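Only one structure is covered here, and it is reproduced in the block below.
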Amino acid sequence: MSTLHTEEMTLNMGPQHPSTHGVLRFVVRADGEVMREAIPDVGYLHRSIEKIAEKVGYHGFMPYTDRVDYVCAMFTNQGWGMACEKLAGIEVPHRGEYCRVIAAEFNRIASHLLSVGAMAMDIGAVTPFTHAIREREMINDLIEELCGARLTFNYMRIGGVAWDLPPGWREKALAYLDHFDPILEEYNALISWNKIYIERLANVGVITPEEAINYNLVGPNLRACGIKWDIRKDIPYSVYPEFEFDVPIGDGHWGKLGDSMDRYVVRIREMAESSKILRQALQKIPAGPVLAKVARNFKPPAGECQIRLESGRGDMGWYVVSDGTGYPWRVHVRTGSFAAMGIIQKLSAGLMIADLVTLIASLDVIAPEIDR
Amino acid sequence: MSAVSEYIGNIKDAVTSIFEGMAVTASHFMRKPYTVQYPDRMPVRVQDTLPFRYRGILEVDLEICTGCLACERACPIDCIVIVVDKDPQTRQMLLSQFDIDIAKCMYCGLCSEPCPTGSIHHTTEFEGADYSLESLIRRFVKDPVMAYKPKKGPETDPQIAPILFRGLNYLSEYQVSGEPKPIDAPAVAITRTVLPPLDVEVVAGDKHSKIHPGSNTTKLEITNDESSAATLAVASNAAERERITDAPQASYPLLAQHMNVQGSVVLQAIIGADGIIQDLHVLSGPAILSSAAQQAVRAVAQFDVEIPPRSATLHIHISHAPAGRKVRHFRRDR
Amino acid sequence: METLVQNLIASGAFGKNASPHMVAALVVFIMSAVVFLGVAFPFAGIVSWAERRVWARIQSRVGPNRVGPQGFLQWLADGVKHVCKEDIIPDESDAPLFKMAPYLVMLAFTLPWAVMPFSSSLILADLNVGILYMTSVTALTVVGVLMAGWASNDKWSLIGGIRSAAQIVSYEIPAGLSIFPVVLMTGTLSMQGIIRAQGWAPQHWFLFANPFTFVAANILYISALAEGNRTPFDLPEAESELVAGFATEYSGMRYLFFFMAEWGNLFIIGAIIATLFLGGWQFPHVTNNVIAMNILQAITFNVKVLFLVFVSMWIRATLPRVRIDQLMTLCWKYFVPISFVNMIGTAVWVAIWPDGTTIMGYIMLAAAIGLGAVFTQRVIYYLRRSRMEVYFNPTI
């Protein structure tokens, strides 16, 4: 039988699309349902945030860091704070570190909730998304009481945090955690262990550990391949060494190791771990100030520094070069989503178009973080 | 055989997991929805349910502004414009302009932190949508005012003391560096005075008076603003007042009524020598009321003015509250 | 129907020289108009409102509740909005096919109402191949959907249309095969005949007649959902991938036609299952008044169908969608063999032990009640554990 002459379609999964997480574009070369290649096209959300840092100065840049990754705003705040503190040699008070960890872990739960919810919605189940958003709204209520905003928090400052925990907040936070743990189980019963869902996610977008390291993946994407690497444990910062928590990794239980199901389950388990950390932190929080004394016109000594922290999306790196004035010379952010975009092109060969959506969702790509 | 067992296992997994999922969703049928049906099916205004630290639209209490420009310097986005000069005669700092562009503002809170008295602060207002971009520039200075000079001891002026108390209380939420805050400090309640249902506050120049009309109408009292030789026919004679009040009234915007929004809209009207309004624009005030205020002023077809041949600038301050409702004035504690 | 028409002609209501054929045709037209315009289309619209309310409660939300009492006029508002929209025909598209596609899909939705057995005498046409007619005309959607996908001149629509065509055609097989057990047990394809062969009590329904029909009912329900493009099989209109699949290029009322057909199909799916397996309009004989009996029977039928519609909405809110290859695997590797087994099992059952149906009915009913009890226990478990406020009132 002679080979059938078929043509390849070039589709555009454009910047406006219901399921690319943010403004992303993919040029898809497909042979019917099966893709040959999906070429990502980023840059639609570039806002020159790193350049803006050179204009607004150290203190003024803190609200801009919220916008780098608005889902994980506490981590970006913390990153900028840590970078400037390292440059100038400022030590954050102990209670301030605890406040940072509490805020950050709540943000991690909120970020993962959004990620798993959006993933479920991309797969087709509409209910888990609203449930996840409902839980996220409760966390947002808590954080709103803490710092006044629900998304772009601007909670942390160079040298600590801006506000202490309000009276009664600790009890509310603990009550929320008591509410959250059974809800997580219920969420799992609804969607995570659903056979259709597992069938959609297992064996899709398998990333081997070597590939993951070569392509610079970080965070849950990396841990799902079986590599136990978490900045909180391996390059400890802040007060994380004082807490007991586990780092969940993928185990290939539902399909091959490193598939989308592993990435999804790692996020679910990380939420449970964050809940553990939060309980410990809320119990053990010491008394004291939350903000170190930092000059209004902050002029760190000339030099450069790099810090890494574990954000919702993985190892976030902040690199700051200072020239001794009140304005940084160069700021650079290295985010996990940018690395994840690189691997999509390679993984997409042989996937179906429906699987491309699954892949993007499982890598938890947030567009503003890619382009900054 | 493993293929058969896998086959049957698949069916069993599918049935049990879908069964569990359906049970979860069925349990949700019987739970209360989490939705807050804003804005009409709320027992209280949403603005009153927001936490104290909520970073809403900015507001400035000029009575306690010291003119230190700390907020202008702190703002990363340059949305605050303050003009403060030393008055040559009285040797005091005079604030002549304090504009905040709430369209540019990113509600980061960096300006309210360094304020020494808590004059610039975030309110819980978040509804700022309007049709014109200009009305989003809030101009807080109507006439040049003296900057506040903080006293060494407690503030004695009874008008300013409560404002200062509120401001310092707002500031105390921020962590002052180096000083620990007690963990379980009791929350301080901010009392806000409630204005009686109807209140018309007229400010023109140095004159400042309150009128309590008995019905839901707007009265304008127009006086001159400059201490110059210009004399204006004050609309104090009955005939003139009657003419103004009989002019077609602007109706209170329905949405503002629903949301219990009241406030002061500061308009600047340039009235020609013939009494016809040549220019009318909004300087500041709740956007939701601005169009009604403009309508109310325009409803007065012709102002009766007697002046030497030049036009005078009037500041007409209209405050309007719906009849019979208790309103809470969120802007000023008077 | 026929007797009514003959009585009317005999009584001279239409004049002395009335031709029976013309009168019959007139009556049929009027009845069809009443059924289609008065029942089918409003139902399709109301289902959209009901679906949104049901979904909303499942998702901890409220759903439309402003337009009209409890938001009941939302579907009218949506309809008016769609009518007022600009009718966009894409430039390079095949305009006659593009315009005709929604009408074909609507046709596939409208035609089955002719054999819908609302009660023992309320049926437009009691064909003796009723159920066969129903399954065949619902397959007309394939033509409409394929036409829509192709004529849109849009690659994404094309993918959606082709997926849908493959899906509907594939799932016709298990659906048809699952009808056979019932036909084997009754020996007739007519809708009224099948209903009359069942009783009003649950143990006399074909659902519980023997385990094969129970499985066949489930397979028929799932296959009918797949044919109606409902989640978990809504790939053709997978919102997150293809925006709206084959209907992407459509706007205004044309777009709404596709979705009215989908929502209205829910009723048809429910009607097929209710007729074949749930006893249709069967109601205990409580009165000799024919009209009262008919009304009670119509209510029974509608209650059963509406319950199944509700279950369809509930399933749609709960389950994710399957991928196209998994859908095909499910159909050909799971449903088709199981349907064959059902058919042969029922044939053997009818041949060997036809009287066993009554005993088996009680046993199966007890098993089903047990399953329901387990389900209720799980529901209460989740309700208790969640610590969320219990609130039964559907009108919020």
Side-chain angles (χ1 to χ4, degrees), chain A residues 52 55-57 59-64 66-67 93 95-96 99 125 127 130-131 133-134 137-138 141 144-150 152 154-155 157 159-168 170 186-187 189-191 193-199 285 287-294 296-297, chain B residues 9-28 31 33-36 49-56 70 73-78 105-114 122 124 126 172-188:
Chain A
I52 288 177
K55 180 185 172 290
V56 292
H59 287 297
F61 188 59
M62 193 59 93
Y64 284 93
D66 293 327
R67 277 90 176 157
R95 187 177 166 90
C99 287
T127 321
T130 49
H131 293 174
I133 295 297
R134 178 194 70 211
E137 284 300 298
M138 296 182 191
D141 284 338
E144 187 186 42
E145 252 190 72
L146 180 66
C147 74
R150 298 174 80 90
T152 48
N154 197 25
Y155 176 53
R157 301 280 185 268
V161 297
W163 293 274
D164 202 345
L165 307 183
R170 214 164 44 159
E186 181 186 282
Y187 189 86
L190 174 62
I191 190 74
W193 316 137
N194 191 314
K195 183 75 179 144
I196 302 177
Y197 195 69
I198 296 177
E199 287 294 311
I285 185 168
V290 293
L291 184 64
K293 210 161 174 59
V294 175
R296 266 286 122 213
N297 43 350
Chain B
N10 278 342
I11 300 177
K12 189 175 82 65
D13 282 338
V15 171
T16 45
S17 62
I18 293 178
F19 190 81
E20 282 291 318
M22 304 278 281
V24 170
T25 40
S27 75
H28 273 275
R31 297 193 206 174
Y34 193 63
T35 315
V36 162
T49 62
L50 291 171
F52 184 68
R53 295 181 186 177
Y54 187 77
R55 305 204 297 255
R73 281 194 298 266
C75 178
I77 214 165
D78 300 329
C105 174
M106 58 170 162
Y107 305 97
C108 61
L110 287 178
C111 57
S112 40
E113 221 177 315
H122 285 279
T124 54
F126 53 87
S172 70
E173 286 287 316
Y174 284 95
Q175 180 52 59
V176 177
S177 59
E179 284 167 30
K181 199 165 147 118
I183 298 173
D184 295 307
V188 182

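Here the structure is a predicted model, which means the values were calculated and not measured. Convention: sequence-line order gives letters A, B, ...; per-chain numbering from 1. We use all heavy atoms of the structure for the numbers below, so side chains are in, but hydrogens, waters and symmetry mates are not.
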Self-check item: Among the listed options His28(B), His122(B), Met22(B), the residue most often paired with chain A at heavy-atom distances under 4.5 Å
Solution: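 Greatest number of close heavy-atom pairs with chain A: His28(B).
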Exercise. May I ask you to name which of Asp13(B), Ile77(B), Leu50(B) has the most heavy-atom pairs under 4.5 Å with chain A?
Key: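 So the answer, after comparing Asp13(B), Ile77(B), Leu50(B), is Asp13(B).
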Practice problem: Please report the shortest heavy-atom distance between Pro289(A) and Pro93(A), naming the atom on each side. | Solution: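 Answer, listing the atom of Pro289(A) first, then Pro93(A): O-CB, 3.3 Å.
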Exercise. Taking all non-hydrogen atoms of both residues into account, name the closest pair between Tyr54(B) and Thr124(B) and its distance.
Key: CD2-CA, 3.9 Å
Quiz item: What residue, out of Arg296(A), Glu137(A), Arg157(A), Lys55(A), has the most heavy-atom pairs lying under 4.5 Å from chain B?
Solution: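 Winner by heavy-atom pair count: Arg157(A).
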Exercise. Could you tell me which of Arg150(A), Glu186(A), Glu199(A) has the largest number of non-hydrogen atom pairs under 4.5 Å with chain B?
Key: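 When all of Arg150(A), Glu186(A), Glu199(A) are compared, Glu186(A) has the most.
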Quiz item: Between Asn154(A) and Met106(B), is any pair of side-chain heavy atoms under 4.5 Å apart?
Solution: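 When only atoms from C-beta onward are counted, Met106(B) and Asn154(A) do not touch, as no gap falls below 4.5 Å.
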Exercise. Kindly indicate whether the side chain of Ile191(A), heavy atoms from C-beta on, has any atom under 4.5 Å from the side chain of Val24(B).
Key: no
What part of [X] is in contact with chain B, defined as an atom under 4.5 angstrom from a non-hydrogen atom: side chain, backbone, both or neither?
{"X": "Asp141(A)", "answer": "side chain"}
{"X": "Met62(A)", "answer": "neither"}
{"X": "Ile198(A)", "answer": "neither"}

Quiz item: Could you walk me through whether Cys99(A) and Leu165(A) pass the side chain to side chain contact (heavy atoms under 4.5 Å, CB included) check?
Solution: CA-CA 7 Å; Cys99(A) 287; Leu165(A) 307 183; 4.0 Å; yes
Self-check item: Distance, nearest 0.5 Å, that separates OG1 of Thr16(B) from CG of Asn194(A)
Solution: 9.5 Å
Quiz prompt | Residue part contacting chain A, namely of Asn10(B), when any heavy atom lies under 4.5 Å | solution = both
